[in-house]
Amino acid sequence: KAGVTQTPRYLIKTRGQQVTLSCSPISGHRSVSWYQQTPGQGLQFLFEYFSETQRNKGNFPGRFSGRQFSNSRSEMNVSTLELGDSALYLCASSSLARADTEAFFGQGTRLTVV
Amino acid sequence: GENVEQHPSTLSVQEGDSAVIKCTYSDSASNYFPWYKQELGKGPQLIIDIRSNVGEKKDQRIAVTLNKTAKHFSLHITETQPEDSAVYFCAASMGVGGNEKLTFGTGTRLTIIP
């Protein structure tokens, strides 16, 4: 069974631009969560989607948005990039829409804003 | 919302010795406490979890203990090996209702000295 796939693996963008990251969950998983990982801050929850609906949202500005498609693939978008958005963005999929279910993480997309 | 604190941020132990990582949480309603291991260039992977109706759980060299009264839980790794070198994250959540998302600690970088 293929794992969680995130594309691209690396991105370099200029301040003010926008970026779209993609996540393909494990086959059969309908829950997809996104996290931002920065040194010293750990993993900060961005949002979770289940069956194309956003179930939970973290404390990030409106520049961060996401969506989920009918095949459970998910994208997150960051508009008007700031230097502080440089981070590893991780996607995780779960079989159930419950926070006490194992989350399977992808390798992440490393975003650098210059 | 839930807040999870993790200590220490870095830990070095001799190969064969034991390592202990501690976490505290703030929301008494949390009832699921997983531990994730992140190796270099990879996403976090679940290594063990514990639910609030259990005080201790073991899996070979890894064990987790939970003290609900004090709101803290710990990861114990015995007979450490070089492949245990990684960053470890604790997390807390409620399965259904309330904090329906994983809140992570800031991570512990564990280095095993050969």
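By convention in this document, chain letters (A, B, ...) are assigned in the order of the sequence lines, proteins followed by strands, and residues within each chain are numbered from 1.
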Greater than 12 external heavy atoms within 6.0 Å of A:Arg15's CZ: no
Can you tell me if A:Gln44 has over 12 outside heavy atoms packed within less than 6.0 Å of its CD? yes
Sorted by chain and number, sequence neighbours left out, ring pair (Phe, Tyr, Trp, His ring centres under 6.0 Å) with A:Tyr89 holds for none
Atom NZ of B:Lys68: over 12 foreign heavy atoms under 6.0 Å: yes
Just wondering, more than 12 heavy atoms not from A:Ile12 lying within 6.0 Å of its CD1? no
Which bit of A:Arg9 is near chain B, if near means a heavy-atom gap under 4.5 Å: side chain, backbone, both or neither? side chain
Common cluster, A:Val113/A:Leu88, ILVMFWY with side-chain heavy-atom separation under 4.5 Å: no
Distance check, rounded to the nearest 0.5 Å: A:Thr101 atom OG1 versus B:Tyr32 atom OH? 7.0 Å
Residue A:Leu90 versus chain B: region with a heavy atom under 4.5 Å: side chain
Determine the option with the most heavy-atom pairs under 4.5 angstrom with chain A, choosing from B:Pro44, B:Gly105, B:Gly107, B:Pro34. B:Pro44
Counting only heavy atoms from other residues, nucleotides and ligands, does the tally under 6.0 Å from NZ of B:Lys42 exceed 12? no
Give, as side chain, backbone, both or neither, the part of B:Phe33 having an atom under 4.5 angstrom from any heavy atom of chain A. neither
Sub-4.5 Å side-chain heavy-atom contact between A:Phe45 and B:Leu102: no
Structural part of A:Ala103 lying under 4.5 Å from a heavy atom of chain B: both
Side chain, backbone, both or neither: which part of A:Gln6 has a non-hydrogen atom closer than 4.5 Å to chain B? neither
Do A:Val32 and A:Phe64 share a hydrophobic cluster, counting only Ile, Leu, Val, Met, Phe, Trp and Tyr and linking them when any side-chain heavy atoms are less than 4.5 Å apart? yes
Decide whether B:Leu40 and B:Leu11 are clustered together by the hydrophobic rule: side chain heavy atoms of Ile, Leu, Val, Met, Phe, Trp, Tyr closer than 4.5 Å, transitively. no
I'd like to know if A:Tyr10 and A:Leu83 are part of one continuous hydrophobic network [Ile/Leu/Val/Met/Phe/Trp/Tyr, side-chain heavy atoms within less than 4.5 Å]. no
Checking A:Tyr35 side chain against B:Phe104 main chain: does a donor-acceptor pair fall under 3.5 Å? no
If Ile, Leu, Val, Met, Phe, Trp and Tyr residues are connected whenever their side-chain heavy atoms lie under 4.5 Å apart, and connections chain through other members, are B:Ile62 and B:Ile50 in the same group? yes
At what distance, to the nearest 0.5 angstrom, does OG of B:Ser52 lie from CG of A:Asp100? 10.0 Å
So how far is it from A:Phe105 CZ to B:Gln38 CD, rounded to the nearest 0.5 Å? 8.5 Å
What's the shortest heavy-atom distance between A:Gln37 and B:Phe89, and which atoms? NE2-CZ, 3.3 Å
Could you check whether atom CD of B:Gln60 has more than 12 heavy atoms from other residues, nucleotides or ligands sitting under 6.0 Å from it? no
Going by residue number, which parts of residues 46-54 of chain A are within reach of chain B, meaning a heavy-atom gap below 4.5 Å? A:Glu48
